[in-house]
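One-based numbering, in listed order, for ligands and for the atoms of each.
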Amino acid sequence: LANGAERVIEVAVGAGIEVCFANPGTTELPVVDAMDSVGGIRGVLGLHENVCTGAADGYGRLAGKPALTLLHLGPGLANGIANLHNARRARAPVVNLIGEHASWHLSADPPLAMDIAAAAGTVSAFQRRVASADDAAPAMAETIAAAMSGPGAVATLVLPHDHQLAEAAARVVAVLPRALPAVDGRLVAEAASRLDGHAALLLGGAALHGEGLALAGRIAMATGATLIGERSFARMEAGRGLPLLRRLPYFPEQAQAMLDGFAGIVVCGTELPVAFFGYADKPARYLAGRDDVTHLAGQDGDALAALRGLAERVGAGRPWQDALPIEPLPLPVGNLDAERIGGVLAALLPEGAIVALTAVSSSAPYGALAHRAPPHTEIALTGGAIGEGPALALGAAIACPNQKVINLEADGSGAYICQGLWSQAREGLGVVTVICANRRYRILQMEQERAGTRPGANARRLTGLGPPWLDWVALAKGFGVPGRRVETAEALAEALAVGIAEPGPMLIEALF
Ligand SMILES: Cc1ncc(C[n+]2csc(CCOP(=O)(O)OP(=O)(O)O)c2C)c(N)n1
(Lines give C-alpha, C1' and ligand atoms only; values in the text may rest on other atoms or scores of the structure.)
Protein backbone atom coordinates (compact mmCIF):
# COMPACT_ATOMS: atom_id res chain seq x y z
CA LEU A 1 0.00 0.00 0.00
CA ALA A 2 1.17 3.48 -0.75
CA ASN A 3 -0.04 7.02 -0.21
CA GLY A 4 -0.61 9.73 -2.82
CA ALA A 5 2.87 11.19 -2.39
CA GLU A 6 4.44 7.78 -2.94
CA ARG A 7 2.37 7.27 -6.09
CA VAL A 8 3.71 10.58 -7.42
CA ILE A 9 7.29 9.51 -6.79
CA GLU A 10 6.66 6.04 -8.26
CA VAL A 11 5.43 7.62 -11.49
CA ALA A 12 8.41 9.99 -11.57
CA VAL A 13 10.92 7.17 -11.11
CA GLY A 14 9.09 5.06 -13.69
CA ALA A 15 9.45 7.93 -16.17
CA GLY A 16 13.21 8.06 -15.63
CA ILE A 17 13.32 11.09 -13.35
CA GLU A 18 16.31 10.93 -10.99
CA VAL A 19 16.73 14.29 -9.27
CA CYS A 20 14.60 16.62 -7.15
CA PHE A 21 15.81 20.15 -6.41
CA ALA A 22 13.89 20.89 -3.26
CA ASN A 23 13.13 23.45 -0.63
CA PRO A 24 10.33 21.78 1.29
CA GLY A 25 7.98 22.90 4.01
CA THR A 26 5.37 21.17 6.15
CA THR A 27 3.00 20.62 3.23
CA GLU A 28 5.71 18.84 1.20
CA LEU A 29 7.02 16.51 3.88
CA PRO A 30 5.02 13.49 2.65
CA VAL A 31 6.78 13.87 -0.72
CA VAL A 32 10.13 14.09 1.06
CA ASP A 33 9.33 10.89 2.95
CA ALA A 34 8.14 9.24 -0.27
CA MET A 35 11.52 9.89 -1.88
CA ASP A 36 12.98 7.67 0.84
CA SER A 37 10.26 5.00 0.97
CA VAL A 38 10.07 4.63 -2.82
CA GLY A 39 13.73 5.35 -3.59
CA GLY A 40 15.34 6.28 -6.90
CA ILE A 41 15.35 10.06 -6.51
CA ARG A 42 18.31 12.15 -5.40
CA GLY A 43 17.12 15.05 -3.28
CA VAL A 44 19.20 18.22 -3.60
CA LEU A 45 18.49 21.02 -1.15
CA GLY A 46 18.56 24.58 -2.43
CA LEU A 47 18.64 27.37 0.14
CA HIS A 48 16.35 29.52 -1.96
CA GLU A 49 13.70 28.39 -4.41
CA ASN A 50 15.41 30.21 -7.29
CA VAL A 51 18.36 27.88 -6.72
CA CYS A 52 16.02 24.89 -7.14
CA THR A 53 14.30 26.21 -10.25
CA GLY A 54 17.51 27.49 -11.90
CA ALA A 55 19.16 24.13 -11.22
CA ALA A 56 16.18 22.31 -12.72
CA ASP A 57 16.53 24.58 -15.77
CA GLY A 58 20.23 23.76 -16.20
CA TYR A 59 19.60 20.07 -15.57
CA GLY A 60 16.71 19.89 -18.02
CA ARG A 61 18.62 21.64 -20.80
CA LEU A 62 21.51 19.18 -20.58
CA ALA A 63 19.90 15.94 -19.45
CA GLY A 64 17.10 16.23 -22.00
CA LYS A 65 14.67 15.01 -19.37
CA PRO A 66 13.10 16.79 -16.44
CA ALA A 67 14.22 17.10 -12.86
CA LEU A 68 11.61 17.70 -10.19
CA THR A 69 11.45 20.81 -8.12
CA LEU A 70 9.72 20.59 -4.76
CA LEU A 71 8.55 23.98 -3.54
CA HIS A 72 6.55 25.14 -0.57
CA LEU A 73 3.07 26.42 -1.42
CA GLY A 74 2.50 29.68 -3.30
CA PRO A 75 5.26 31.68 -1.60
CA GLY A 76 7.90 29.02 -2.35
CA LEU A 77 6.79 28.85 -5.97
CA ALA A 78 6.78 32.64 -6.16
CA ASN A 79 10.40 32.74 -4.99
CA GLY A 80 11.35 30.36 -7.80
CA ILE A 81 9.45 32.05 -10.60
CA ALA A 82 12.25 34.17 -12.09
CA ASN A 83 14.27 31.08 -12.95
CA LEU A 84 11.17 29.16 -14.04
CA HIS A 85 10.73 32.06 -16.43
CA ASN A 86 14.25 31.42 -17.73
CA ALA A 87 13.44 27.70 -17.97
CA ARG A 88 10.27 28.46 -19.91
CA ARG A 89 12.27 30.57 -22.36
CA ALA A 90 14.86 27.79 -22.64
CA ARG A 91 12.16 25.21 -23.39
CA ALA A 92 13.74 23.18 -20.60
CA PRO A 93 11.70 20.24 -19.34
CA VAL A 94 10.88 20.90 -15.66
CA VAL A 95 8.30 19.30 -13.36
CA ASN A 96 7.32 21.44 -10.38
CA LEU A 97 5.73 19.77 -7.38
CA ILE A 98 4.04 22.42 -5.29
CA GLY A 99 2.56 21.48 -1.93
CA GLU A 100 -0.83 22.86 -0.99
CA HIS A 101 -2.77 23.05 2.26
CA ALA A 102 -5.04 20.14 3.11
CA SER A 103 -8.06 20.56 0.86
CA TRP A 104 -10.39 20.86 3.86
CA HIS A 105 -8.20 23.55 5.47
CA LEU A 106 -7.86 25.88 2.52
CA SER A 107 -11.16 27.68 3.15
CA ALA A 108 -9.84 28.69 6.60
CA ASP A 109 -7.39 30.93 4.69
CA PRO A 110 -4.30 30.04 6.75
CA PRO A 111 -1.33 32.43 6.56
CA LEU A 112 0.57 30.72 3.74
CA ALA A 113 -2.48 30.31 1.50
CA MET A 114 -2.03 32.03 -1.85
CA ASP A 115 -3.35 31.80 -5.40
CA ILE A 116 -0.95 29.09 -6.56
CA ALA A 117 -2.64 28.67 -9.93
CA ALA A 118 -2.12 32.34 -10.78
CA ALA A 119 1.57 32.17 -9.90
CA ALA A 120 2.08 28.86 -11.70
CA GLY A 121 0.21 30.12 -14.75
CA THR A 122 2.78 32.77 -15.60
CA VAL A 123 5.49 30.19 -16.23
CA SER A 124 3.81 26.82 -16.77
CA ALA A 125 2.76 25.39 -20.14
CA PHE A 126 0.62 22.97 -18.12
CA GLN A 127 -0.66 22.83 -14.57
CA ARG A 128 -2.85 20.42 -12.72
CA ARG A 129 -4.14 20.06 -9.18
CA VAL A 130 -4.33 16.61 -7.59
CA ALA A 131 -8.02 16.02 -6.83
CA SER A 132 -7.71 12.95 -4.60
CA ALA A 133 -5.08 10.43 -3.53
CA ASP A 134 -6.18 8.14 -6.38
CA ASP A 135 -5.72 11.01 -8.80
CA ALA A 136 -2.07 11.52 -7.79
CA ALA A 137 -0.55 8.98 -10.20
CA PRO A 138 -2.48 9.97 -13.34
CA ALA A 139 -2.02 13.66 -12.54
CA MET A 140 1.73 13.14 -12.22
CA ALA A 141 1.85 11.18 -15.48
CA GLU A 142 0.07 14.02 -17.29
CA THR A 143 2.40 16.60 -15.77
CA ILE A 144 5.55 14.73 -16.78
CA ALA A 145 4.16 14.19 -20.27
CA ALA A 146 3.52 17.91 -20.58
CA ALA A 147 7.08 18.71 -19.47
CA MET A 148 8.45 16.31 -22.09
CA SER A 149 6.17 17.51 -24.89
CA GLY A 150 7.57 19.44 -27.83
CA PRO A 151 11.13 20.57 -27.19
CA GLY A 152 10.40 20.68 -23.42
CA ALA A 153 8.20 22.72 -21.09
CA VAL A 154 7.62 23.81 -17.52
CA ALA A 155 4.76 21.80 -16.01
CA THR A 156 3.38 22.18 -12.51
CA LEU A 157 1.52 19.81 -10.21
CA VAL A 158 -0.18 21.10 -7.08
CA LEU A 159 -0.46 18.54 -4.30
CA PRO A 160 -2.88 19.11 -1.42
CA HIS A 161 -1.40 17.74 1.79
CA ASP A 162 -4.32 15.43 2.64
CA HIS A 163 -4.20 13.77 -0.77
CA GLN A 164 -0.47 13.17 -0.35
CA LEU A 165 -1.11 11.34 2.92
CA ALA A 166 -4.22 9.32 2.04
CA GLU A 167 -3.90 5.76 0.80
CA ALA A 168 -3.95 5.57 -2.98
CA ALA A 169 -4.80 2.61 -5.17
CA ALA A 170 -2.08 1.31 -7.48
CA ARG A 171 -2.90 2.44 -11.02
CA VAL A 172 -1.24 1.81 -14.30
CA VAL A 173 -0.51 5.14 -15.89
CA ALA A 174 1.32 6.01 -19.07
CA VAL A 175 3.46 9.09 -19.66
CA LEU A 176 2.61 10.12 -23.21
CA PRO A 177 4.43 13.26 -24.39
CA ARG A 178 3.10 15.13 -27.40
CA ALA A 179 5.30 14.78 -30.48
CA LEU A 180 6.77 17.78 -32.27
CA PRO A 181 4.68 19.17 -35.13
CA ALA A 182 5.56 17.96 -38.64
CA VAL A 183 7.75 20.13 -40.82
CA ASP A 184 6.16 21.79 -43.84
CA GLY A 185 7.93 20.47 -46.96
CA ARG A 186 7.18 23.67 -48.88
CA LEU A 187 9.08 25.68 -46.28
CA VAL A 188 12.03 23.31 -46.61
CA ALA A 189 12.07 23.86 -50.38
CA GLU A 190 11.76 27.63 -49.96
CA ALA A 191 14.57 27.66 -47.39
CA ALA A 192 16.81 25.60 -49.67
CA SER A 193 16.28 28.08 -52.50
CA ARG A 194 17.32 30.99 -50.28
CA LEU A 195 20.63 29.65 -49.05
CA ASP A 196 23.76 30.73 -50.90
CA GLY A 197 26.94 32.61 -50.13
CA HIS A 198 25.06 35.86 -49.43
CA ALA A 199 22.46 34.29 -47.12
CA ALA A 200 22.37 33.37 -43.45
CA LEU A 201 20.89 30.52 -41.47
CA LEU A 202 19.81 31.81 -38.05
CA LEU A 203 19.66 28.94 -35.59
CA GLY A 204 18.21 28.30 -32.15
CA GLY A 205 17.05 25.50 -29.87
CA ALA A 206 18.07 22.00 -30.95
CA ALA A 207 19.86 23.39 -34.00
CA LEU A 208 22.68 24.67 -31.79
CA HIS A 209 24.11 21.39 -30.56
CA GLY A 210 24.69 17.75 -31.43
CA GLU A 211 23.10 16.50 -34.61
CA GLY A 212 21.44 19.87 -35.26
CA LEU A 213 24.72 21.76 -35.24
CA ALA A 214 26.43 19.10 -37.36
CA LEU A 215 23.63 19.33 -39.93
CA ALA A 216 23.88 23.12 -39.90
CA GLY A 217 27.61 22.81 -40.57
CA ARG A 218 26.99 20.53 -43.55
CA ILE A 219 24.36 22.91 -44.91
CA ALA A 220 26.78 25.82 -44.57
CA MET A 221 29.50 23.85 -46.40
CA ALA A 222 27.11 22.93 -49.21
CA THR A 223 25.52 26.35 -49.70
CA GLY A 224 28.10 28.87 -48.50
CA ALA A 225 25.53 30.38 -46.12
CA THR A 226 26.71 32.01 -42.89
CA LEU A 227 25.53 30.47 -39.62
CA ILE A 228 24.24 32.75 -36.87
CA GLY A 229 23.23 31.67 -33.36
CA GLU A 230 20.22 33.15 -31.56
CA ARG A 231 21.16 35.51 -28.77
CA SER A 232 19.59 33.99 -25.65
CA PHE A 233 20.36 30.35 -26.34
CA ALA A 234 19.55 27.44 -24.06
CA ARG A 235 22.39 25.16 -25.11
CA MET A 236 25.04 25.67 -27.73
CA GLU A 237 28.20 23.84 -28.67
CA ALA A 238 31.24 25.75 -29.79
CA GLY A 239 34.95 25.23 -30.25
CA ARG A 240 37.67 24.22 -32.66
CA GLY A 241 36.37 21.99 -35.42
CA LEU A 242 32.70 22.73 -34.75
CA PRO A 243 30.62 24.84 -37.14
CA LEU A 244 31.32 28.53 -36.60
CA LEU A 245 28.29 30.49 -35.46
CA ARG A 246 28.27 34.24 -35.47
CA ARG A 247 26.54 35.56 -32.38
CA LEU A 248 23.77 38.09 -32.66
CA PRO A 249 24.79 41.25 -30.76
CA TYR A 250 22.75 42.64 -27.84
CA PHE A 251 22.37 46.23 -28.95
CA PRO A 252 19.68 46.58 -31.62
CA GLU A 253 21.53 48.68 -34.18
CA GLN A 254 24.41 46.18 -34.16
CA ALA A 255 22.09 43.19 -34.49
CA GLN A 256 20.17 44.94 -37.25
CA ALA A 257 23.37 45.77 -39.13
CA MET A 258 24.52 42.15 -38.94
CA LEU A 259 21.24 40.81 -40.32
CA ASP A 260 20.95 43.55 -42.93
CA GLY A 261 24.22 42.28 -44.34
CA PHE A 262 22.58 39.14 -45.71
CA ALA A 263 20.35 38.63 -48.71
CA GLY A 264 18.08 35.76 -47.73
CA ILE A 265 17.66 34.55 -44.15
CA VAL A 266 16.37 31.20 -42.97
CA VAL A 267 15.36 30.96 -39.31
CA CYS A 268 15.28 27.52 -37.70
CA GLY A 269 14.64 26.48 -34.10
CA THR A 270 13.83 29.94 -32.83
CA GLU A 271 11.41 32.81 -33.34
CA LEU A 272 12.13 35.75 -35.63
CA PRO A 273 14.71 37.84 -33.75
CA VAL A 274 13.62 40.94 -31.83
CA ALA A 275 15.40 43.53 -29.69
CA PHE A 276 15.69 42.89 -25.95
CA PHE A 277 13.93 46.23 -25.37
CA GLY A 278 11.99 48.61 -27.55
CA TYR A 279 13.67 52.01 -27.99
CA ALA A 280 11.68 54.57 -29.96
CA ASP A 281 14.61 55.40 -32.26
CA LYS A 282 16.09 51.92 -32.68
CA PRO A 283 15.20 48.78 -34.63
CA ALA A 284 12.97 46.33 -32.75
CA ARG A 285 11.92 43.50 -35.12
CA TYR A 286 15.02 42.89 -37.16
CA LEU A 287 13.49 40.96 -40.04
CA ALA A 288 10.24 42.93 -40.33
CA GLY A 289 9.22 44.01 -43.82
CA ARG A 290 11.65 41.70 -45.63
CA ASP A 291 10.46 39.33 -48.33
CA ASP A 292 13.57 37.16 -48.34
CA VAL A 293 13.02 35.45 -44.98
CA THR A 294 11.85 31.88 -44.38
CA HIS A 295 10.80 30.85 -40.89
CA LEU A 296 11.50 27.17 -41.28
CA ALA A 297 10.84 26.10 -37.68
CA GLY A 298 10.00 28.12 -34.57
CA GLN A 299 11.08 27.39 -31.01
CA ASP A 300 8.31 24.86 -30.58
CA GLY A 301 8.89 23.32 -33.99
CA ASP A 302 10.98 20.33 -35.00
CA ALA A 303 14.28 22.03 -35.77
CA LEU A 304 16.12 18.74 -36.23
CA ALA A 305 13.66 17.34 -38.75
CA ALA A 306 13.70 20.68 -40.56
CA LEU A 307 17.50 20.64 -40.80
CA ARG A 308 17.50 17.02 -41.94
CA GLY A 309 15.08 17.94 -44.72
CA LEU A 310 17.08 21.02 -45.63
CA ALA A 311 20.38 19.12 -45.67
CA GLU A 312 18.91 16.57 -48.04
CA ARG A 313 17.42 19.23 -50.26
CA VAL A 314 20.68 21.18 -50.65
CA GLY A 315 22.69 17.98 -51.07
CA ALA A 316 24.73 18.60 -47.93
CA GLY A 317 27.41 15.94 -47.73
CA ARG A 318 30.69 17.30 -46.44
CA PRO A 319 30.90 17.92 -42.70
CA TRP A 320 31.95 21.34 -41.45
CA GLN A 321 35.56 22.24 -41.84
CA ASP A 322 37.12 25.51 -40.76
CA ALA A 323 38.40 27.57 -43.66
CA LEU A 324 41.77 28.08 -41.94
CA PRO A 325 43.47 26.02 -39.24
CA ILE A 326 42.74 27.45 -35.80
CA GLU A 327 45.75 28.09 -33.60
CA PRO A 328 45.41 27.54 -29.85
CA LEU A 329 44.75 30.81 -28.03
CA PRO A 330 47.57 32.68 -26.33
CA LEU A 331 47.14 33.52 -22.64
CA PRO A 332 46.45 37.21 -22.11
CA VAL A 333 48.54 39.19 -19.65
CA GLY A 334 48.00 42.36 -17.65
CA ASN A 335 45.26 43.94 -15.58
CA LEU A 336 41.89 42.28 -15.88
CA ASP A 337 39.01 43.43 -18.00
CA ALA A 338 36.20 41.51 -19.66
CA GLU A 339 38.36 40.81 -22.74
CA ARG A 340 41.18 39.30 -20.72
CA ILE A 341 38.80 37.28 -18.56
CA GLY A 342 37.24 35.82 -21.71
CA GLY A 343 40.70 35.23 -23.17
CA VAL A 344 42.00 33.34 -20.15
CA LEU A 345 38.88 31.20 -19.96
CA ALA A 346 38.91 30.36 -23.68
CA ALA A 347 42.63 29.50 -23.51
CA LEU A 348 42.38 27.20 -20.48
CA LEU A 349 38.97 25.65 -21.02
CA PRO A 350 39.14 21.86 -20.86
CA GLU A 351 37.57 19.97 -23.75
CA GLY A 352 33.98 18.96 -23.03
CA ALA A 353 33.49 21.62 -20.35
CA ILE A 354 30.15 23.29 -19.79
CA VAL A 355 30.23 27.09 -19.59
CA ALA A 356 27.27 28.78 -17.92
CA LEU A 357 27.50 32.19 -19.53
CA THR A 358 25.57 34.58 -17.29
CA ALA A 359 28.00 37.48 -16.87
CA VAL A 360 25.78 40.08 -18.62
CA SER A 361 28.10 42.79 -20.03
CA SER A 362 31.25 40.69 -19.48
CA SER A 363 30.15 37.61 -21.45
CA ALA A 364 30.58 38.88 -25.01
CA PRO A 365 34.40 38.74 -25.26
CA TYR A 366 34.30 35.08 -24.30
CA GLY A 367 31.64 34.43 -26.94
CA ALA A 368 33.86 36.01 -29.57
CA LEU A 369 36.71 33.60 -28.71
CA ALA A 370 34.70 30.45 -28.00
CA HIS A 371 35.25 29.06 -31.50
CA ARG A 372 38.98 28.98 -30.80
CA ALA A 373 38.62 27.04 -27.52
CA PRO A 374 38.39 23.25 -27.39
CA PRO A 375 34.88 21.90 -28.16
CA HIS A 376 32.54 22.63 -25.26
CA THR A 377 28.92 23.39 -24.37
CA GLU A 378 27.56 26.79 -23.37
CA ILE A 379 24.31 27.49 -21.56
CA ALA A 380 23.12 31.08 -21.36
CA LEU A 381 20.52 33.23 -19.69
CA THR A 382 17.48 32.68 -21.86
CA GLY A 383 14.87 34.89 -20.25
CA GLY A 384 16.97 37.83 -19.11
CA ALA A 385 16.02 37.26 -15.46
CA ILE A 386 19.41 37.70 -13.82
CA GLY A 387 20.44 35.64 -10.80
CA GLU A 388 20.69 32.19 -12.29
CA GLY A 389 24.39 31.37 -12.81
CA PRO A 390 25.27 29.31 -9.72
CA ALA A 391 21.95 27.47 -10.00
CA LEU A 392 22.35 26.72 -13.71
CA ALA A 393 25.85 25.46 -12.95
CA LEU A 394 24.53 23.30 -10.11
CA GLY A 395 21.97 21.65 -12.37
CA ALA A 396 24.48 21.25 -15.20
CA ALA A 397 27.02 19.58 -12.92
CA ILE A 398 24.42 17.12 -11.64
CA ALA A 399 23.23 16.34 -15.17
CA CYS A 400 26.81 15.88 -16.46
CA PRO A 401 28.91 14.62 -13.54
CA ASN A 402 31.97 13.92 -15.69
CA GLN A 403 32.19 17.36 -17.21
CA LYS A 404 33.78 20.42 -15.64
CA VAL A 405 31.34 23.31 -15.26
CA ILE A 406 32.52 26.89 -15.37
CA ASN A 407 30.12 29.69 -14.52
CA LEU A 408 31.14 33.05 -15.90
CA GLU A 409 29.00 35.21 -13.65
CA ALA A 410 28.66 38.92 -12.92
CA ASP A 411 28.85 40.30 -9.39
CA GLY A 412 25.45 41.97 -9.49
CA SER A 413 23.76 38.87 -10.91
CA GLY A 414 25.63 36.56 -8.55
CA ALA A 415 24.46 38.50 -5.51
CA TYR A 416 20.86 37.39 -6.23
CA ILE A 417 21.74 33.76 -5.82
CA CYS A 418 25.04 33.29 -4.01
CA GLN A 419 23.51 30.58 -1.81
CA GLY A 420 23.63 28.33 -4.87
CA LEU A 421 27.31 27.95 -3.99
CA TRP A 422 26.35 26.07 -0.84
CA SER A 423 24.51 23.40 -2.83
CA GLN A 424 27.54 23.06 -5.12
CA ALA A 425 29.74 22.50 -2.07
CA ARG A 426 27.35 20.12 -0.38
CA GLU A 427 27.00 18.00 -3.51
CA GLY A 428 30.78 18.11 -4.07
CA LEU A 429 30.44 19.33 -7.66
CA GLY A 430 33.22 20.39 -10.02
CA VAL A 431 31.99 23.91 -10.62
CA VAL A 432 34.34 26.87 -10.98
CA THR A 433 32.59 30.20 -10.58
CA VAL A 434 34.38 33.18 -12.08
CA ILE A 435 32.81 36.37 -10.79
CA CYS A 436 33.38 39.28 -13.18
CA ALA A 437 33.54 41.84 -10.40
CA ASN A 438 33.19 45.23 -12.03
CA ARG A 439 31.42 46.36 -8.86
CA ARG A 440 28.47 47.89 -10.65
CA TYR A 441 25.43 47.15 -12.74
CA ARG A 442 27.51 47.97 -15.80
CA ILE A 443 24.87 47.19 -18.40
CA LEU A 444 22.51 49.69 -16.80
CA GLN A 445 25.21 52.35 -16.81
CA MET A 446 25.88 51.56 -20.48
CA GLU A 447 22.19 51.92 -21.24
CA GLN A 448 22.17 55.30 -19.52
CA GLU A 449 25.20 56.44 -21.45
CA ARG A 450 23.55 55.37 -24.67
CA ALA A 451 20.36 57.21 -23.76
CA GLY A 452 22.46 60.32 -23.10
CA THR A 453 21.04 60.93 -19.62
CA ARG A 454 23.39 62.44 -17.08
CA PRO A 455 23.36 60.20 -14.00
CA GLY A 456 22.34 62.00 -10.80
CA ALA A 457 22.96 60.88 -7.23
CA ASN A 458 20.21 58.28 -7.28
CA ALA A 459 21.25 56.92 -10.65
CA ARG A 460 24.79 56.47 -9.38
CA ARG A 461 23.66 54.85 -6.14
CA LEU A 462 21.22 52.54 -7.88
CA THR A 463 23.70 51.25 -10.45
CA GLY A 464 26.82 51.11 -8.27
CA LEU A 465 27.55 48.15 -5.98
CA GLY A 466 29.51 49.83 -3.21
CA PRO A 467 30.64 50.80 -0.77
CA PRO A 468 30.47 48.46 0.99
CA TRP A 469 32.17 46.29 -1.66
CA LEU A 470 31.02 42.70 -1.92
CA ASP A 471 33.72 40.35 -0.68
CA TRP A 472 33.22 37.30 -2.90
CA VAL A 473 35.98 35.25 -1.33
CA ALA A 474 34.38 35.71 2.09
CA LEU A 475 30.90 35.00 0.71
CA ALA A 476 32.09 31.82 -0.96
CA LYS A 477 33.85 30.72 2.23
CA GLY A 478 30.63 31.23 4.15
CA PHE A 479 28.86 28.87 1.78
CA GLY A 480 31.63 26.27 1.95
CA VAL A 481 33.42 27.08 -1.33
CA PRO A 482 37.12 28.00 -1.39
CA GLY A 483 37.80 31.27 -3.18
CA ARG A 484 40.56 33.51 -4.50
CA ARG A 485 40.60 37.12 -5.59
CA VAL A 486 42.65 38.00 -8.68
CA GLU A 487 43.33 41.27 -10.46
CA THR A 488 45.58 40.23 -13.35
CA ALA A 489 45.23 37.83 -16.24
CA GLU A 490 48.26 35.90 -15.00
CA ALA A 491 46.71 35.38 -11.55
CA LEU A 492 43.38 34.43 -13.09
CA ALA A 493 45.08 31.83 -15.26
CA GLU A 494 46.83 30.35 -12.25
CA ALA A 495 43.65 30.24 -10.16
CA LEU A 496 41.56 28.85 -13.00
CA ALA A 497 44.07 26.05 -13.59
CA VAL A 498 43.71 25.11 -9.92
CA GLY A 499 39.92 25.26 -10.07
CA ILE A 500 39.84 23.09 -13.18
CA ALA A 501 42.17 20.53 -11.61
CA GLU A 502 40.35 20.32 -8.25
CA PRO A 503 37.40 17.93 -8.06
CA GLY A 504 35.17 20.20 -5.95
CA PRO A 505 33.82 23.73 -6.39
CA MET A 506 35.86 26.90 -6.34
CA LEU A 507 35.15 30.59 -6.78
CA ILE A 508 37.42 33.19 -8.35
CA GLU A 509 36.65 36.85 -7.87
CA ALA A 510 38.04 38.53 -10.98
CA LEU A 511 38.22 42.14 -9.92
CA PHE A 512 38.53 44.91 -12.48
C1 LIG B 1 15.39 39.40 -12.08
C2 LIG B 1 15.95 40.64 -12.68
N3 LIG B 1 16.05 41.75 -11.91
C4 LIG B 1 16.56 42.87 -12.44
C5 LIG B 1 16.97 42.92 -13.72
C6 LIG B 1 17.46 44.22 -14.34
N7 LIG B 1 18.90 44.14 -14.60
C8 LIG B 1 19.36 43.79 -15.80
S9 LIG B 1 21.01 43.77 -15.86
C10 LIG B 1 21.12 44.25 -14.24
C11 LIG B 1 22.43 44.44 -13.57
C12 LIG B 1 23.53 43.65 -14.14
O13 LIG B 1 24.68 43.82 -13.35
P14 LIG B 1 25.70 42.64 -13.24
O15 LIG B 1 24.98 41.39 -13.06
O16 LIG B 1 26.73 43.00 -12.22
O17 LIG B 1 26.35 42.62 -14.69
P18 LIG B 1 27.08 43.79 -15.49
O19 LIG B 1 26.03 44.61 -16.13
O20 LIG B 1 27.90 44.57 -14.51
O21 LIG B 1 27.90 43.09 -16.49
C22 LIG B 1 19.87 44.41 -13.69
C23 LIG B 1 19.64 44.81 -12.29
C24 LIG B 1 16.84 41.74 -14.49
N25 LIG B 1 17.20 41.68 -15.77
N26 LIG B 1 16.34 40.62 -13.93
- Please answer whether the main-chain N or O of Pro328 pairs with a side-chain N or O of Arg240 as donor and acceptor at a distance below 3.5 Å. no
- Answer yes or no: is there a side-chain heavy-atom contact under 4.5 Å between Glu427 and Arg42? yes
- So, Glu28 side chain and Gly25 main chain: donor-acceptor pair closer than 3.5 Å or not? yes
- Would you call Asp471 and Arg485 a salt bridge, using N to O less than 4.0 angstrom? yes
- Message: One thing to verify: whether Arg439 and Asp411 come together as a salt bridge, which I'm taking to mean a side-chain N less than 4.0 angstrom from a carboxylate O.
- Response: no
Nitrogen or oxygen contacts under 3.5 Å, ligand 1 side and protein side:
from	atom 1	to	atom 2	distance (Å)
ligand 1	3 (N)	Tyr416	OH	3.4
ligand 1	15 (O)	Ser413	N	2.7
ligand 1	15 (O)	Ser413	OG	2.6
ligand 1	16 (O)	Asp411	OD1	3.1
ligand 1	16 (O)	Gly412	N	2.8
ligand 1	16 (O)	Arg440	O	3.3
ligand 1	19 (O)	Arg442	N	3.2
ligand 1	19 (O)	Ile443	N	2.7
ligand 1	20 (O)	Asn438	OD1	3.2
ligand 1	20 (O)	Asn438	ND2	2.9
ligand 1	20 (O)	Arg440	O	2.9
ligand 1	20 (O)	Arg442	N	2.9
ligand 1	21 (O)	Ala359	O	3.4
ligand 1	21 (O)	Ser361	N	2.9
ligand 1	21 (O)	Ser361	OG	2.5
ligand 1	25 (N)	Gly384	O	2.9
ligand 1	26 (N)	Ile386	N	3.2

- Task: With the side chain counted from C-beta on, respond yes when Asp300 and Arg91 share a heavy-atom pair under 4.5 Å apart, and no when they do not.
- Result: yes
